[in-house]
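To find a chain, count down the sequence lines: A is the first, B the second, and so on, and within it residues start at 1.
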There are 2 protein chains.
Amino acid sequence: MSDAFRTTVQKKLSNGDFDCTKEFTVSMFSGKHKLMILWILINDGDQGFAALMNKLNGVSKKVLSNQLKELIDDQIVNKSETITGNTKRTAYSLTEIGLTLVPIINMLNDWGKDRLAQVEITQKFNQVNQ
Amino acid sequence: MSDAFRTTVQKKLSNGDFDCTKEFTVSMFSGKHKLMILWILINDGDQGFAALMNKLNGVSKKVLSNQLKELIDDQIVNKSETITGNTKRTAYSLTEIGLTLVPIINMLNDWGKDRLAQVEITQKFNQVNQ
DNA sequence: CTGTATCCATTCGGATACTG
DNA sequence: CAGTATCCGAATGGATACAG
């Protein structure tokens, strides 16, 4: 899923058209890796840039950087930098607003799990009857 | 949002990788107009092609056609054709599986409404304090 | 009315090289 | 470690013309 949502929603909103509330919500996680980024922050806690790179398996730095920027822009994710001596440490974490997305993400996960289980059963059923 | 989700998720699934349950759910409505299509079917009941075109405001036939095809493919939407005499009537409706998305879509709508209200209040607050 | 076929512009994400 | 810059290919959506 690309981000036709985010751009379109932002245009609508800046034109005073607020009839896109559900699209607005989806635009929070419509980047290809955003859901997974949020999932990691929810389950594994705060993460540095490299840790996210590893856990995301196959994202380029540019893309990860962009998706994080948008999440920060949308106030879903917070970036903190702590400097100890001459080493800088970056950490990304969920904001309070980001935390309010957790029930939604869990619901998405549950629906997908149930649906995939259904599909699997159907496939087996069809195989048996072939 | 484009449909990087749908394609990616389908590839993962066909490779036996089922670790994308939430992405799978989002892929159900990741096309630019799918959420709105579902919203219309939920609130206004079954619709013909032309009715959807009108209510969607600015979609091209090709795009609408594609998004409907994918929704049908995902078993979220059903297409029925009734022929009376020599006139054919097409109607799109939600399937039983499609109906199970309703709570999710309502949740998305609620979150967006609340969040936009927050943002609006914040903006007014900032204006007052300028 | 309900689409399909073609062409085109834009956007998004991936690979790679470079920087502090 | 944490990015930015550049170039590129693929995918999406829009406009328009044509068809059953």
Side-chain angles (χ1 to χ4, degrees), chain A residues 1-12 20 23 26-27 29-37 46-73 77-93, chain B residues 1-12 20 23 26-27 29-37 46-73 77-93:
Chain A
M1 161 199 295
S2 54
D3 236 339
F5 268 102
R6 200 164 177 275
T7 320
T8 310
V9 166
Q10 287 182 351
K11 272 185 198 156
K12 279 197 168 191
C20 54
E23 285 84 357
V26 174
S27 78
F29 45 77
S30 58
K32 186 171 174 184
H33 304 277
K34 284 184 187 173
L35 257 183
M36 199 57 200
I37 293 174
D46 304 1
Q47 303 286 319
F49 193 85
L52 285 173
M53 281 287 288
N54 284 334
K55 300 192 180 186
L56 281 174
N57 197 337
V59 190
S60 75
K61 291 181 172 191
K62 190 199 76 174
V63 174
L64 176 55
S65 181
N66 276 345
Q67 310 241 327
L68 286 170
K69 253 181 216 161
E70 293 182 352
L71 285 167
I72 292 168
D73 220 57
V77 164
N78 185 264
K79 172 181 175 175
S80 65
E81 303 181 83
T82 42
I83 303 175
T84 343
N86 56 354
T87 57
K88 190 176 70 175
R89 180 165 233 157
T90 307
Y92 294 94
S93 56
Chain B
M1 164 197 296
S2 54
D3 238 338
F5 267 104
R6 201 163 176 277
T7 321
T8 310
V9 166
Q10 288 182 351
K11 271 186 200 156
K12 279 197 167 190
C20 53
E23 284 84 356
V26 173
S27 78
F29 46 77
S30 59
K32 187 170 172 185
H33 305 278
K34 284 184 187 173
L35 257 182
M36 199 57 201
I37 293 173
D46 303 0
Q47 303 285 319
F49 193 84
L52 285 173
M53 281 287 287
N54 285 332
K55 299 191 181 185
L56 281 174
N57 197 338
V59 191
S60 77
K61 292 178 173 193
K62 189 199 78 172
V63 174
L64 177 56
S65 181
N66 276 343
Q67 311 242 325
L68 286 170
K69 252 182 218 160
E70 293 182 352
L71 285 167
I72 292 167
D73 220 57
V77 164
N78 184 265
K79 172 180 174 175
S80 65
E81 303 182 82
T82 43
I83 303 177
T84 342
N86 54 355
T87 57
K88 190 178 69 175
R89 181 165 233 158
T90 308
Y92 295 95
S93 57

- Return yes if some donor-acceptor pair links the side-chain N/O of B:Gln67 with the main-chain N/O of B:His33 below 3.5 Å, else return no.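 Such a contact is found between B:Gln67 side chain and B:His33 backbone.
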- Task: Decide, yes or no, whether a salt bridge links A:Arg89 with A:Glu81 under the criterion of side-chain N to carboxylate O below 4.0 Å.
- Result: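 Judged by the 4.0 Å cut-off on N to carboxylate O distance, A:Arg89 and A:Glu81 do not form a salt bridge.
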- Query: Does a side-chain N-to-carboxylate-O contact under 4.0 Å join B:Lys32 and A:Glu23?
  - Reply: no
Could you tell me whether the phosphate oxygens of [N], OP1 or OP2, come under 4.0 Å of any side-chain nitrogen or oxygen in [X]?
X: A:Lys61; N: C:dA17; value: no
X: B:Lys69; N: C:dT4; value: yes
X: B:Thr7; N: D:dT12; value: yes
X: B:Ser60; N: D:dA15; value: no
X: B:Gln67; N: D:dT12; value: no

What integer distance in Å separates [X]:[atom1] from [N]:[atom2]?
X: A:Asn66; N: C:dG13; atom1: CG; atom2: P; answer: 8 Å
X: A:Leu68; N: C:dC12; atom1: CG; atom2: C1'; answer: 16 Å
X: B:Leu56; N: D:dA15; atom1: CG; atom2: P; answer: 14 Å
X: A:Glu81; N: C:dG20; atom1: CD; atom2: C1'; answer: 12 Å
X: A:Lys32; N: D:dG9; atom1: NZ; atom2: C1'; answer: 13 Å
X: B:Met53; N: D:dG13; atom1: CE; atom2: C1'; answer: 13 Å
X: B:Arg6; N: C:dG13; atom1: CZ; atom2: P; answer: 18 Å
X: A:Gln10; N: C:dT10; atom1: CD; atom2: P; answer: 19 Å

- Query: Which pair of heavy atoms, one from B:Leu71 and one from B:Ile37, lies closest together, and at what distance?
  - Reply: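 Of all heavy-atom pairs spanning B:Leu71 and B:Ile37, the closest is CD1-CG2, 4.0 Å.
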- Message: I'd like to check B:Asn66 versus B:Lys61 (side-chain heavy atoms, cut-off strictly below 4.5 Å). Are they in contact?
- Response: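 No. Closest side-chain heavy atoms not under 4.5 Å.
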- Selection from C:dT2, D:dT4, C:dG13 that lies nearest to any side-chain heavy atom of A:Val63: C:dG13
- Between the base of D:dG3 and the side chain of A:Lys62, is there any donor-acceptor pair under 3.5 Å?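 No.
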